[in-house]
Every structure is written in structure tokens, then in C-alpha cells.
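Read through the structure below, which is laid out as C-alpha cells, and then see the notes.
Every chain is numbered from 1 and lettered A, B, ... according to where its sequence line falls, protein lines coming before strand lines. The structure displayed is predicted, hence computed values, not measured ones. Keep in mind that the numbers below use all heavy atoms, side chains included, and drop hydrogens, waters and symmetry copies.
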Amino acid sequence: MTADVQWSLSWIRDVAARVSERKSEFTTLDREIGDADHGENLNRGFTAVVERIDGLEQPPGTIGDVLKLVATTLMSTVGGASGPLYGTAFLRASKAAAVPELDGQAASALISAALEGVSTRGKAVVGEKTMIDAWAPAAAAAAQSAENGEDAAQVFAAAAQAAAQGAEETIELKATKGRASYLGERSVGHKDPGATTTALILESAARTVQ
Amino acid sequence: MTADVQWSLSWIRDVAARVSERKSEFTTLDREIGDADHGENLNRGFTAVVERIDGLEQPPGTIGDVLKLVATTLMSTVGGASGPLYGTAFLRASKAAAVPELDGQAASALISAALEGVSTRGKAVVGEKTMIDAWAPAAAAAAQSAENGEDAAQVFAAAAQAAAQGAEETIELKATKGRASYLGERSVGHKDPGATTTALILESAARTVQ
Amino acid sequence: MGTKVSLVLVSHSEKLAEGARDLARQMASEVVIEVAGGLEDGSIGTSFDRISAAIEEAAGFAESDEEQEAHDVVVICDLGSAILSTESVLEFLPEELVGHVYMADAPFVEGVIAAAVEAESGAGVEAVRTAAEEARAFH
Amino acid sequence: MGTKVSLVLVSHSEKLAEGARDLARQMASEVVIEVAGGLEDGSIGTSFDRISAAIEEAAGFAESDEEQEAHDVVVICDLGSAILSTESVLEFLPEELVGHVYMADAPFVEGVIAAAVEAESGAGVEAVRTAAEEARAFH
Ligand SMILES: Nc1ncnc2c1ncn2[C@@H]1O[C@H](COP(=O)(O)OP(=O)(O)O)[C@@H](O)[C@H]1O
Ligand SMILES: Nc1ncnc2c1ncn2[C@@H]1O[C@H](COP(=O)(O)OP(=O)(O)O)[C@@H](O)[C@H]1O
Ligand SMILES: [Mg+2]
Ligand SMILES: [Mg+2]
Ligand SMILES: [Mg+2]
Ligand SMILES: [Mg+2]
């Protein structure tokens, strides 16, 4: 599949399906260092997104249109920090992807825009044990891949791989932003839920674009 | 009337009657610089006190017994800062007045003990626009009167007069303790409700002992 | 404007928001205080739609008859994620409210009471926000 | 003791106390959190009897079968008059609870959450109180 509008719908449907499958895993992570709702939050959000996609009268014209629908739906349905964070990420991404199809450069731009959205909203930097620790390496790997002339599929694959590794590496970090910062040192040794779901989102992008 | 157990019951009944009459005046003062409940708070408290006095099976043996009943009843029924403050005042006073009758020295000791109770509980000092600004001059005037060899009636009269003047002088003060401190400079120009009711309590003592 | 600054309390819990409003109203009976507490189904979380609605209501925008200018609004949030949600709402603010909505970085209950008392006095929006941000427990 | 420190939330408003407990419980599901909110008739204020009962309950004293030692309790209050009321209650504390009840001077909501998270980890009473007192809004 090329990274076109149809793909963007498949991507988001795939995210929704995986979130639903794995929601208790995410909630369990959030129980350790948060308030035990990240799985339910995202599942509520992506369930609403799929409902809205199903209800579309016309097929969206650009990838940006799809991502904007995702953004506004997550913002108003997630109910936790990840709502405005992913909402802003998809909103910025939608502006960067106001096109019917992505090449490698555009795929990289989409991911950078998402990172920029999360950073603007959450004001976290790398190393604070948040989803930034997945988005930032993902954006860097995507930029590298695009610079090497790779296509959208390769760019998303590189990003997904870097996000997964970034999420894994949050285990060793001490949280200084978000709810987990209440735990201070005791947050070390646990994987960040938001970084974990960021890896899922990019993994779905890579898988569906193959 | 001598300042005996019978007097102490009359005193407290008189306070209850006056508070009931003037409660809207106190609530109005508290509306200006607080939360508009001081009249209701004290009225609820003294109404309960009178009920408990009415329900006594045996006449109390000492003035301290009466004041202890007042103390514990105010503490559990007033519902605002003045509950623990007057509660502690009457509790300390009850210990200082574990006798069937007061002479001038004992009347002064009762008032000093009440002041000490309010200070301990509220940690306010003179000049912070609280009931301390009535209790402190009252205790000083009472001590002076007792030292001059005056009797309990004269001691309470001196205390009442000083408390009334102290309450009046709270108008010019800026609140730095209690709720009124939320208003900062804007608390100036209003009379403190607690200082006003302190003056009432001592006025009742003086009036009933004549 | 002459109108008092309004407050919006954004909380993860409806009870918490309403309880804070009840306390603040005791000391500031005339200030408009709107709450956005919890999710639509009553569970814990923050709702974009409730926050938007509360802000528009507090700004007097819901009942606005065209001409009227929006009131200034100070928003006080209970936790970081309430702040993030409110910030997203502010990105989508109706044109007429832009420049009228300020967020205070304050301890929730203490900030709400201090802001309400300040607003009740007729103070401007910056003073109200500052009062919230400087709020400490009063003893 | 091995048992977690318990919390008591003293508020002028029942809703406020319950809302703060709901938030804290999300992050600390095992900590015992008792509330003393409002007056008996539901109006705004603090009740000596409710505060006493909540403290005894939190200390595990209500159901105590003689032998058992009291749990440590940290009390967090919403306003100055709640602190004064709680201090009066402490003067009349049952013998068995003396030395087990600590007051924290903390912003209410933020202090409650920080204390609950600390208590959930099994920390001692001084650490729980310190967590409350050092609590700031987390963003
Ligand atoms: N300021 C922030 N910047 C970036 N990410 C954040 C921030 N605060 C929280 N997060 C992310 O949000 C995740 C928690 O999301 P969620 O559980 O849905 O929200 P909440 O914490 O409100 O319950 C965290 O694991 C973290 O990755
Ligand atoms: N820390 C304090 N020390 C002494 N007096 C105080 C203190 N705080 C409040 N007061 C007194 O209590 C009065 C208010 O009582 P009340 O209205 O019954 O309580 P609340 O402020 O809780 O509503 C004030 O007018 C003041 O005189
Ligand atoms: Mg969560
Ligand atoms: Mg949450
Ligand atoms: Mg009052
Ligand atoms: Mg009150």
C-alpha cells in the first residue's frame, strides 16, 4: 500500500484495534506510575475515532483531513493527559500532511510535526520519562531515513523501530513531568505508558504501509 | 449577684440571648471580611449550650464545670474558626475557675486563661485583626483592676469596657490571620466579627454580675 | 467593563470542582464561577467539551447578544492533565474570547478562594490571576 | 508495623473532601483515606465530631480489637479554620492515638495526592507528611 488517504484510514483503524487488544497492558503500566487509566483513555478515544470514520459521508480528500478528525476526536474523548497530547500531535501532523499521499520526506515531516505538537503541549524534553522519549528518537530516525532517500514505508519502519527502543529505554528514567513525577525516584524501573502507546502508533503506521 | 455558679449560668444564658438577637449584625460584619457565617455559627453554638444547660440533671459544682460544658459544646457545634477558638478559651478558663465563686483575682485569672486559650489555638498576636484584639486589652484591664483590689464585678466591667474599645479599634487594622487575611489591605475599614462577639461575651459577664 | 472577572474551575472530579466553588462562593458571592469537573459519564478525567462550555459561559458568551464584549476569565486547574486539556481548548477558542481567557498556575483550592476574593473586589484579570498564583494556605 | 500510613482529609465541604479522595485513590488504591467534610447537616463548615470519627477510623481504632496498635495518620486540612478545629480534636485524642496523628501544612488537593502516593509506597509518617508539605502542582 502506498501512504495515501486510504492507508491513513487503515493506519488509524489498526491503531484502534491494537489499542483495544492491548488496553489492559497499558493500564497496568499506568497503574505502576500513574492512575491506571491510560488503556481505557486511549481505547475510549480511538473507539470514538473509528465511529467517526465509519460515519463519514464523503471519503476525506487528504491525509491531513483524516488526521484532523483523529486530533479533534482524541481531544474531546480521551479524558487524560494523552488526549491533548496526542490530539495536538495529530493536529500538527494534519497540517504537515495536507496532501493525498506521502513520500519519504512528507512522512518524516508528519512525524516531526507530531513531535513538535507533543513538545508544545507538554513542555517536556527528552529524558523526562514521557511519550517524548518515543517521539523524539522516532522523528530523528525518520529524518535520517528520509535524508537517505528512503520511501514512506521505510521512514515509518525506521521511526517505529526507534520509538519502540525509546519506549524501552524509559524504564531506566526518573519521571519529572506528568503524573509519574509524583513518584520521583520510585518511577525508575517502570516503562512509561505514553511512550509505549507512541511506539504502537508508529508500529501500526509502518505495518499498514507495507 | 456574686460571681458564683448561679451567675455563670446566667452569664452564659445572657450571651446566648444576645447572640441570638444580634446574629445578623455579626454575620454582616463577617460578610464584609469573611464568609458571612459568624452570627449563625455562634448562634448555633450557644443555642446548643443552653440546651445542654437546660438538660443538666444536677446543678454544676463549680464555675469551671459550667465553662467546660460551654467549651466542649462550642467546639462541636460552632463549625467555624470561632468554635475551636472560643472552645479553647472556655476550656482554659474552666481550669482557671474550678471554684464555686470568683473574687477579683479569680475573675482576672479566668480572663487571662481565656486569652491564653485563644492565643494558643489561633497563634495570632495583637494587631492582626482577630478576637485577640479584644481579649488582650480585656485581660490587661482585668489584671489592673484586680491589682487595684477591685471585686469580680469591677474586674468584668473593666474587661468589658476594654474589649469593646479593642473591638472598635480593629476597624483600622489590616487582617493577617484568619479568613479576612485573604482580603489583605481591603480588610481595613471593617470591624472584626470575632472581636465584636468577644466584647459581647465580656459585656454579658459584667452585666449579669452587677 | 465594570463587570467582575469570572472564574472557571477545571478539575478531574465534578465533586472537587463543585466543592471548591462552594467554598469560594462563601467569600465571594457575586463572582461568576463555572465548573468543568470530570468526564460526561461522571468518571474521573477532564472533558474538552465541558471545559469549552464552562469558559464560554463564564465569559458571558453563551447568552451573549452580539454587541456585548466578553468578560475576562481566569481558569484554575487541579492537575497537570487539566492544564493540558485547557490549553487545547484555548487553541480552539472562538475569536471573540481571544485575549480574555487567562490560566493561573496555582494550588487548586487555595488559588480558587484567593482569586474569587480578589475578583469580588472588582480587581482586573491580571490581579486576579496573581492572587491565585500567590495563594498559600491561610492560618 | 508494616501497615501503610492512613490519611484524613478535613474540609469545609463534603464534596471537596470526597473529590480529593477520589483523585488520590486513582494513584494510591490501597491507602486508607477517611474524610471529614462539612457539617452534619451538609452545610459548609468543620465538624469536631466528624473529624474525631475520621481520625479514629483512619487509625484503625474504631474496629480495634484491644491488642492492635493504632496506625499512623496524616491529616490534611483545606483552610485555617479546619486546622484550628483539628487541633482542638487532637487535644481530646484517645490515649491510644497520641503520637500517631500528624498534621500536614500543605496545599489541599496537591498535598493529598502527594501524601497518598507516598503512603502507597509504604513510606513512614514523617515522609508522608513531608511529601504533602512539599507538594506543588505537577505539570
Ligand atoms: N507533560 C507531558 N509531556 C509529554 N507527555 C506527557 C506529559 N504528561 C504526561 N505525558 C504522557 O501521558 C501519559 C499518561 O497518559 P494518560 O494516562 O492517558 O493521562 P493521565 O496522566 O492524565 O491519566 C504518560 O505516560 C506520558 O507519556
Ligand atoms: N488565627 C486566629 N486567631 C484568633 N482569632 C481568629 C483566628 N482566625 C479567625 N479568628 C477569629 O474568628 C472570627 C471568625 O469566626 P467565624 O466566622 O465563626 O469562623 P470562620 O472564619 O471559620 O467562618 C474572626 O473574626 C476572628 O476574630
Ligand atoms: Mg493515566
Ligand atoms: Mg487520568
Ligand atoms: Mg466566618
Ligand atoms: Mg465559616
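- In this structure, T62(A) OG1 and D65(A) CG are separated by 3.5 Å, a value rounded to the nearest 0.5 Å.
- E34(C) contributes atom CD, which lies 4.5 Å from atom CD of E57(C) (distance to the nearest 0.5 angstrom).
- Heavy-atom minimum distance, K177(A) versus K123(A): CE-O, 3.2 Å.
- Listed options S88(C), S52(C), A82(C), S85(C) were ranked by heavy-atom pairs under 4.5 angstrom with chain A; first place goes to S88(C).
- Among the residues in residues 35-47 of chain C, those with a non-hydrogen atom closer than 4.5 angstrom to a non-hydrogen atom of chain A are L39(C), G45(C), T46(C).
- Tested against H38(A), the residues T197(A), D30(A), T27(A) include a single side-chain hydrogen bond (donor to acceptor under 3.5 Å, both in side chains) partner, T197(A).
- Within 6.0 Å of NZ on K68(A) lie no more than 12 heavy atoms contributed by other residues, nucleotides or ligands.
- Classified by interplanar angle (parallel below 30°, tilted 30° to 60°, perpendicular above 60°), the ring pair Y86(A)/W135(A) is perpendicular.
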